[in-house]
Amino acid sequence: MNHQEKYLKSLSDQYPSIAEASTEIINLSSILNLPKGTEHFVSDIHGEYGQFMHILHNGSGAIRRKINDVYGRTLSKKDKKQLATLIYYPEQKLKLVKEEGENMDDWYRVTLNRLIHIAAKSASKYTRSKVRKALPKDYAYVLEELIYEKEGVYDKEEYYSEILATIIRIGRADHFIVALGNLIQRLVIDHLHIVGDIFDRGSSPHLIMDMLMKYHSVDIQWGNHDVLWMGAASGHPACIANVLRLSARYGNLDTLEEGYGINLIPLASFALKQYEEDECKVFDIHYDEATYNAHDLELDRKMHKAIAIIQFKLEGQLIKRRPEFNMDSRLLLDKIDYENGSILVNGVNYPLNDTNFPTINPDDPYALTVEEEEVMKRIRQSFLNCEKLQEHVRFLFTHGSLYLRFNSNLLYHGCVPLNEDGSFRKVYIGEKAYTGKALYDILEQHARIGYYAQGDEEKKLLGQDMMWYIWSSEDSPVYGKEKMATFERYFVDDKNLQEERKDYYYQLIEREDVVERILLDFGMDKDQSHIINGHMPVELKKGETPVKCNGRALIIDGGFSKAYRGRTGIAGYTLIYNSWGLRLVSHEPYSSIEDVVAQESDIHSEFIVVEQVHRRKKVADTDSGKVLKEKIKDLEVLLEAYKDGTLKER
């Protein structure tokens, strides 16, 4: 029996008759002609849970557009805003409506009808089977009946009216409104892309990860901050130290202690002892006044300095262990003149603004003290034993990658390392040079080994070291800067020394030949595809634009993180890709659910139509459509085998 015969025999187990094979061919062929589902792209969330959830709730304006599609000018702007807010936050809006003293029975009747029509419109681009799977179990039968109500069917008019009347009479209207709001959100966005950097800076990456694990369809392109946390979860000391330092710097140690249950008492005790008389002013905390307890400021500064020094030591050990990383320029502790309080960098002596280094041995500056060793040992065990963190990181591995090719779009977080002339820069991993896609592939392979490998400890350690390399190396496509000037930004008051020059990619991405070369290297159609990435905040204040190379490339990091908003002037970009084309959306800062519900605001400020198609895209035009077409071909071969007697029906 040849390969095709074996495959047909296996397929016949699933479709054992002409009738069943024919039914599936008809079903799949009809699905190909449905409109393409809407994709939502979000990048550089950086722990900003409130802002992120609001953008998910409103679908970056997709729900407001759906309301306009259904009601056009037949509803006032005020009614549309109220309806949109009700869909985004049904529980909170219901409470406010009741407080305003509406005639609730009339309001319920009108509102339920409106929500049903919007849900029906949202469901119209999917098969009934797919919609049924999205329905909440408690109300699935009733909602399905209402959504698929046929207007003008006289015989069932009283039937539908009685359903709504009964829902209101028995006090279940609130529950149905909540169910409809959630259903509309679910149907309006078919698939979510997270283009990197869920972690760091903001206070709630753990809540974002909890939500993503429940989301109906999502993929993640790892950012360098995500890879850092993945390395920390694998138990890598240098990655752990970086995570701790960033959490301290942005006033988010509570995220580790309360969100993940990481025991930071060893670090706190050590910091208080070593820096008891040190105000640690250089190690200030960039905190959010709304969430940070200022009583912790003095301790957090000391912890911040303590873990920063440990980090520089651990990174020095790693760089010496891996000379192939070519990162000797980041070995700085041995360049310090500890008597004169200065540091020699590139042949120039710079004064240090902090000279208190009680834990550094000038003769062996990268060696941890006994106490530092104990602190890191205990915290490392806490990271390894944190069930929630491990669950989140496993989700990043199973649902994520360093890049993704999806429906004519190439997604990656950072860049493709380039030379000044636009050619691919060669990066040596071990003794072999890699460029473009091959570089991404080898780095991802090492990251997976670093987390999952069993038995070969040297191979596992290399993989973990590579995760740190992905986080911070000039040659990492996910980092994409000349250096990570962490030490200089703390200790040296010289802006030139603190500068982190961007990869040539960010200058050359406007060139059509560069974009086409990247797309071809990743196996994409150079004429039909786009590059979508984040990582570098688009500084709108300086006249920068996220749309590059006439729309061929899009950089959608606009400053989700509060730390960037002073530079960007906005609070993030997102991208919507529906059956009519690509829309870029810029967002205003989010304050709170209460403000949004009361003011009925969407916080998106404008749309940029990047690309609009003349013929609506269908499922047949997507990657899943290609898979369906192949399956239809196989089923047609199976059908012929039944008809000509090659296979028997069962």
Side-chain angles (χ1 to χ4, degrees), residues 43-44 193-200 205 209 212-213 218-243 246 314-315 318-319 321-322 324-327 380 383-384 386 389-405 410-417 427-481 484 522 533-535:
S43 175
D44 297 87
H193 303 282
I194 305 295
V195 195
D197 278 357
I198 295 164
F199 290 89
D200 290 329
M209 287 302 304
L212 291 177
M213 290 179 69
V218 63
D219 58 64
I220 301 161
Q221 291 72 61
W222 306 329
N224 61 318
H225 286 268
D226 305 319
V227 175
L228 178 67
W229 279 70
M230 291 154 69
S234 75
H236 189 260
C239 290
I240 291 171
N242 271 277
V243 164
L246 283 164
L314 290 169
E315 289 178 335
L318 191 162
I319 292 167
R321 181 167 69 244
R322 303 290 179 196
E324 67 270 26
F325 284 4
N326 296 314
M327 293 180 70
R380 180 175 181 271
F383 269 77
L384 287 171
C386 177
L389 176 61
Q390 298 301 332
E391 186 180 34
H392 285 173
V393 166
R394 284 194 297 272
F395 184 83
L396 287 172
F397 274 109
T398 57
H399 286 72
S401 53
L402 280 177
Y403 70 90
L404 180 69
R405 296 170 294 189
L410 173 60
L411 285 65
Y412 47 72
H413 177 69
C415 67
V416 172
V427 175
Y428 280 86
I429 305 296
E431 296 180 356
K432 186 175 178 181
Y434 296 86
T435 63
K437 177 181 176 295
L439 176 59
Y440 271 89
D441 287 336
I442 190 65
L443 291 176
E444 180 172 332
Q445 181 183 335
H446 276 297
R448 293 185 183 279
I449 290 169
Y451 186 77
Y452 286 109
Q454 300 291 328
D456 190 335
E457 290 304 313
E458 178 52 39
K459 197 173 182 181
K460 187 180 182 74
L461 178 60
L462 174 59
Q464 292 174 350
D465 286 351
M466 289 299 295
M467 282 193 265
W468 176 84
Y469 176 92
I470 293 168
W471 150 249
S472 61
S473 170
E474 174 185 8
D475 288 326
S476 164
V478 189
Y479 179 56
K481 294 182 188 177
M484 189 171 283
F522 280 83
N533 68 279
H535 188 52

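Each residue takes its place number in the sequence, starting with 1. Note that the structure is predicted; figures quoted are calculated from it, not measured.
Judged as a side-chain contact (heavy atoms from CB on, under 4.5 Å), and not counting sequence neighbours, the contacts of E444 are W222, S401, L402, R448. Partners of H392 under the ring-ring contact (aromatic ring centres under 6.0 Å, His included) rule, at least two apart in sequence or in another chain, are Y260. With sequence neighbours excluded, no residue satisfies salt bridge (charged side-chain N to carboxylate O under 4.0 Å, His left out) with R380. For R394, there are no side chain to side chain donor-acceptor pair (under 3.5 Å) partners two or more places apart in sequence or in a different chain. With sequence neighbours excluded, no residue satisfies salt bridge (charged side-chain N to carboxylate O under 4.0 Å, His left out) with E457. In this structure, the side-chain contact (heavy atoms from CB on, under 4.5 Å) partners of A433, at least two apart in sequence or on a different chain, are K426, Y428. For I449, the side-chain contact (heavy atoms from CB on, under 4.5 Å) criterion is met by Q445, A453, K459, not counting sequence neighbours. For the ring-ring contact (aromatic ring centres under 6.0 Å, His included) test, residues two or more places apart in sequence or in another chain that qualify with Y469 are F325. Checked against side-chain contact (heavy atoms from CB on, under 4.5 Å), S476 has the following partners two or more places apart in sequence or in another chain: I470, S473, V478, Y479. Legend: residues meeting ring-ring contact (aromatic ring centres under 6.0 Å, His included) with H413, ordered by chain and number and at least two apart, are H535. Applying the salt bridge (charged side-chain N to carboxylate O under 4.0 Å, His left out) rule to D441 yields the partners K437; only residues at least two apart in sequence or on another chain are considered. Annotation: ring-ring contact (aromatic ring centres under 6.0 Å, His included) contacts of Y451 (sequence neighbours excluded): F397.
The side chain to side chain contact (heavy atoms under 4.5 Å, CB included) with W471 is formed by just one residue from the set M484, H236, M230; it is M484.
Looking only at atom types and distance, the side chain of D219 has a donor-acceptor partner in the side chain of H193 under 3.5 Å away.
A 4.5 Å side-chain heavy-atom check between M467 and L228 finds every atom pair outside the cut-off.
One distance of note links CD of E391 with SG of C386; it measures 10.0 Å at 0.5 Å rounding.
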